[in-house]
Amino acid sequence: LALAVARGVVMYPTPQKKREASVVPLTLLPSPVADDCFHLAKMLTPDFHILMDRVCCDLSWLQDALAKTGAIDEISCKLLVRLM
């Protein structure tokens, strides 16, 4: 669990329950994916990248969208302070 926390791959039931962390399920080996799902994901990738770029570049929207999270989560709060 300590390595997962250090790598940022943990989940919490709620932001206040940091002591109840669990490791995010992930795989280091290739996993089979249905061909149609793979092609759909590949097709959506450029649009997703555009969306992420626009979200990251619109700081006022990002601050508004994360305001509630920042009020209850210490890490998000620190990130919001850096955005200002």
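Not counting sequence neighbours, Asp36 has no partner by the side-chain hydrogen bond (donor to acceptor under 3.5 Å, both in side chains) test. Residues passing the side-chain hydrogen bond (donor to acceptor under 3.5 Å, both in side chains) test with Thr69, sequence neighbours excluded: none. The side-chain hydrogen bond (donor to acceptor under 3.5 Å, both in side chains) search around Lys78 returns Glu74, not counting sequence neighbours.
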Inset, instruction - Test Asp35 against His39 for side-chain hydrogen bond (donor to acceptor under 3.5 Å, both in side chains), laying out the working first. - result: CA-CA 6 Å; Asp35 193 53; His39 289 292; 3.2 Å; yes
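Nearest heavy-atom pair across Cys77 and Gly70 is CB-O, 3.2 Å. Of all the heavy atoms in Val55 and Trp61, the pair that sits closest is CG1-CZ3, 3.7 Å.
At least one donor-acceptor pair closer than 3.5 Å links the side chain of Thr45 to the backbone N or O of Ala41.
Under a hydrophobic-cluster definition in which Ile, Leu, Val, Met, Phe, Trp and Tyr are linked whenever side-chain heavy atoms come within less than 4.5 Å, directly or via other members, Leu44 and Phe38 are assigned to different clusters. Placement of Ile72 and Leu79 in two distinct hydrophobic clusters is found when ILVMFWY residues are connected by side-chain heavy-atom separations under 4.5 Å, directly or transitively.
Remark: Ile75 CD1 is loosely packed, at most 12 non-hydrogen atoms of other residues, nucleotides or ligands lying under 6.0 Å away.
One distance of note links CE of Met52 with CD1 of Ile50; it measures 13.0 Å at 0.5 Å rounding. The CG atom of Asp73 sits 10.0 Å away from the CG atom of Leu66 when rounded to the nearest 0.5 Å.
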